[in-house]
Structures are given as C-alpha cells and as structure tokens.
Student: 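I'd like to ask you about the structure that follows.
Computed from a predicted model, the values in this text were never measured in an experiment.
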Amino acid sequence: MGRHKLKQIDRLLFEDEQGRPVAFQEDKNGTIRFLSSATNPSAWWEKLPEPDQFKDVGPNHPYAEYIEGLQQLEVIRGGREDAFRPDEPLTRAEFAVWLARWLGAAPSAERPPFADIAEHPEAGMLKTSIDVGFVTGSDKGLFEPDRPIARQEAASMVSRLAGLIGHPAKQAKLAEGSSPWAADAVANVVGSGFYGPDVKPSPDGTVDYRPKQAMTRQEGAALLYRLATASLLLTGSEPPGTKPD
C-alpha cells in the first residue's frame, strides 16, 4: 500500500526518498521475492498476487483502487466469480470487521457486551473491535450490527482508530449536518483526506460529507484504504497487520 520512489545505486540496491537503503533479493529462479528496507528493519514484507477482480468492479471503476487494495490485503474477501455490490449500503458489523481485519486482529472468544451481537456470525471480531476501542454501541444500548452504517458513524470508528495508531487529528471546513457527537470525527476524516470520489469540496473549501446518509460499500472501502495509506506514510512502514505490495 502506498508508493515509494526508489533510486537505483547498484544491481539490487536502491535508496528511497530519504536516502535510506532498500535491498532486493532473488530466489533460485532469479525472481525477486524478498525485500529489506532500512525504514523499518523489523518489518516483514511479502509480494502479494494481483487480486481477482470482482465481477462488478472493473479496472475503470472509480473505486477499483480502494476495493482491490483491501481485497489484496484480505480485508475484503471474494474474487472473480463474486459480486462486491459497491453501491449497496455497508452494515455496521461489516465495517467494524473490515477495520479489525486490517489491524490483523484475531477474534475474541469472550462474550460481547451487546446482546444483539452475541449470536452474530462475526461476534468474535466485533468483540475484538470493542476491546481495541474503535467501536461503541448505539444510543439504544445495542450494537445494531446489520443496520446500514451512517457516514458519520463510519467516520467516528475511523477517527478513533486513527488516534489509536498515532495519526494527528485534523480539521476541515464542513457544511452543517453532523450530529454533535460526530462533528470532530467527521472533520478529522475530511481534513485527513480519508475519502474517495464521494466527497467533493466546494470552491470555497467547504465539504458536505452527507454525514447522516448511509455509507455504501465502495465508500467504506475508500475510507479504510485512505486510512491505511496514511498510516503507511505516518510510520514509514506498513500499517499493523498489513502486507505491503
């Protein structure tokens, strides 16, 4: 995830933008299979295969980069014979699970605190999401896992997670519409650029995030992918639990 521009200084030796060495190694067949970077010597790197495109997300789809990027990291699962349904609403459970998978988190075996997710197929990952701290319940004292997630709710999850991994909070000029509890999170997400083609700033810089509308699956993919890319740039290495391409 993300891009680095390298300058070659020897056959398999390069420097990145900051002059730090990046070395590659061939396998016995002469294929490049390994990478070592001084940016983070403790990190591991794996060359990932190109994902099979979903049958309803072609190469020219406006959200293809985000969907395929998360698919490559196994955050989003499926392939050539499957439909991603990019324009359909994303549920609260689906988005929470995507975030947990991106972190590389394992499902918890403990009982979730919300009665309406105790028997949910993703109960373990939802409990992990709650334990990590980026997921909370609704104002009804429930999680409401299968309800379409509002854009401001998704922004709140991402803003919390961004803070947990050390991303600095940002501000943005927003149009009215966010609930008071979500205003800072929406501003953080917009100010950080965590969005795709669904967000279009006006000429004066004001952004209408449409905070109370349901977030679509393609919009959720863009939101998470942008967070992941920002995390890569923030740390100088890969986000927790991810495998850069």
Student: What distance do L142 atom CG and F114 atom CZ have between them, rounded to the nearest 0.5 Å?
Tutor: 8.0 Å

Student: Output yes when a side-chain donor or acceptor of E153 lies under 3.5 Å from a complementary backbone atom of A150, and no otherwise.
Tutor: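 It does hold such a pair.
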
Student: Between the main-chain N or O of D52 and the side-chain N or O of Q71, is there a donor-acceptor pair closer than 3.5 Å?
Tutor: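 Indeed, once roles are kept as given, a pair shorter than 3.5 Å links the two residues.
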
Student: Verify, without hydrogens or angle tests, whether D27 (side chain) and G30 (backbone) share a donor-acceptor contact under 3.5 angstrom.
Tutor: yes

Student: If only atom types and distance count, is the side chain of D208 paired as donor or acceptor with the main-chain N or O of R210 below 3.5 Å?
Tutor: yes

Student: Would one find more than 12 heavy atoms of other residues, nucleotides or ligands at under 6.0 Å from atom CD of E176?
Tutor: no

Student: Examine distances only and state if a side-chain atom of D116 and a backbone atom of E144 form a donor-acceptor pair shorter than 3.5 Å.
Tutor: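 Side chain of D116 to backbone of E144, a donor-acceptor pair under 3.5 Å: yes, one is there.
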
Student: Does one side chain, of H167 or N188, offer a donor that lies under 3.5 Å from an acceptor on the other?
Tutor: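 Judged by distance alone, the side chains do not pair up.
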
Student: Kindly work out whether a path of hydrophobic side-chain contacts (I/L/V/M/F/W/Y, heavy atoms less than 4.5 Å apart) joins I32 to F14.
Tutor: yes

Student: Between atom NZ of K173 and atom OG of S202, what is the distance when rounded to the nearest 0.5 Å?
Tutor: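 K173 NZ to S202 OG: 7.0 Å, rounded to 0.5 Å.
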
Student: Take atom CZ of R111 as the centre, draw a 6.0 Å sphere, and report whether it contains more than 12 heavy atoms from other residues, nucleotides or ligands.
Tutor: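 No - once you tally the heavy atoms of other residues, nucleotides and ligands closer than 6.0 Å, there are 12 at most.
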
Student: Run the numbers on E219 and Y63 for side-chain contact (heavy atoms from CB on, under 4.5 Å), then give the verdict.
Tutor: CA-CA 8 Å; E219 292 166 355; Y63 289 82; 4.0 Å; yes

Student: Determine, step by step, whether E88 and T216 satisfy the side-chain hydrogen bond (donor to acceptor under 3.5 Å, both in side chains) criterion, reporting the C-alpha distance in whole Å, the side-chain angles of both residues, the deciding distance to 0.1 Å, and the verdict.
Tutor: CA-CA 5 Å; E88 290 187 11; T216 64; over 6 Å; no

Student: To the nearest 0.5 Å, what is the distance between CG on D198 and CD on Q218?
Tutor: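 The CD atom of Q218 is 7.5 Å from CG of D198, to the nearest 0.5 Å.
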
Student: If only atom types and distance count, is the side chain of R160 paired as donor or acceptor with the main-chain N or O of F134 below 3.5 Å?
Tutor: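 It does hold such a pair.
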
Student: Taking T229 for the side chain and Y225 for the main chain, is one N or O donor matched with an acceptor at less than 3.5 Å?
Tutor: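 Yes, because the side chain of T229 sits within donor-acceptor range (under 3.5 Å) of the backbone of Y225.
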
Student: Output yes when R226 and E65 qualify as a salt bridge under the 4.0 Å nitrogen-oxygen rule, no when they do not.
Tutor: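 Salt bridge absent between R226 and E65.
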
Student: Examine distances only and state if a side-chain atom of S108 and a backbone atom of E110 form a donor-acceptor pair shorter than 3.5 Å.
Tutor: yes

Student: Residues in salt bridge (charged side-chain N to carboxylate O under 4.0 Å, His left out) with E15, at least two apart?
Tutor: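 For E15, no residue satisfies salt bridge (charged side-chain N to carboxylate O under 4.0 Å, His left out) once neighbours in sequence are set aside.
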
Student: Classify the angle between the aromatic ring planes of F54 and F84 as parallel (below 30°), tilted (30 to 60°) or perpendicular (above 60°).
Tutor: tilted

Student: Do M215 and W181 share a hydrophobic cluster (ILVMFWY, side-chain heavy atoms under 4.5 Å, transitive)?
Tutor: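 No, no single cluster joins them.
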
Student: Without swapping roles, check the side chain of S129 against the backbone of A100 for a donor-acceptor pair under 3.5 Å.
Tutor: no

Student: Take atom CD in Q18; do more than 12 heavy atoms of anything else shown fall under 6.0 Å from it?
Tutor: yes

Student: When clusters are formed by joining ILVMFWY residues with side-chain heavy atoms under 4.5 Å apart, either directly or through shared neighbours, do F34 and V22 land in the same one?
Tutor: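 They do not share one cluster, since no chain of ILVMFWY contacts under 4.5 Å joins F34 to V22.
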
Student: Are L164 and L224 connected into the same hydrophobic cluster when the rule is that any two of I, L, V, M, F, W, Y join if their side-chain heavy atoms are below 4.5 Å apart?
Tutor: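 Yes, it is one cluster - the side chains of L224 and L164 are joined through contacts under 4.5 Å.
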
Student: Between Y195 and Y209, does the ring centre distance come in under 6.0 Å?
Tutor: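 Not under 6.0 Å, so no.
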
Student: Distance from D82 atom CG to R80 atom CZ, nearest 0.5 Å?
Tutor: 11.0 Å

Student: If we ignore hydrogens and angles and just use 3.5 Å, is the side chain of S179 paired with the main-chain N or O of A182 as donor and acceptor?
Tutor: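 A pair under 3.5 Å: no.
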
Student: Hey, what do you get for OG1 (T31) to CD (Q25), rounding to the nearest 0.5 Å?
Tutor: 12.5 Å

Student: Which heavy atom of I117 sits nearest a heavy atom of A123, and at what distance?
Tutor: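 Result for this residue pair: O-CB, 3.1 Å.
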
Student: Stepwise, does the side-chain contact (heavy atoms from CB on, under 4.5 Å) test hold for F143 with V135?
Tutor: CA-CA 9 Å; F143 183 73; V135 166; 3.1 Å; yes

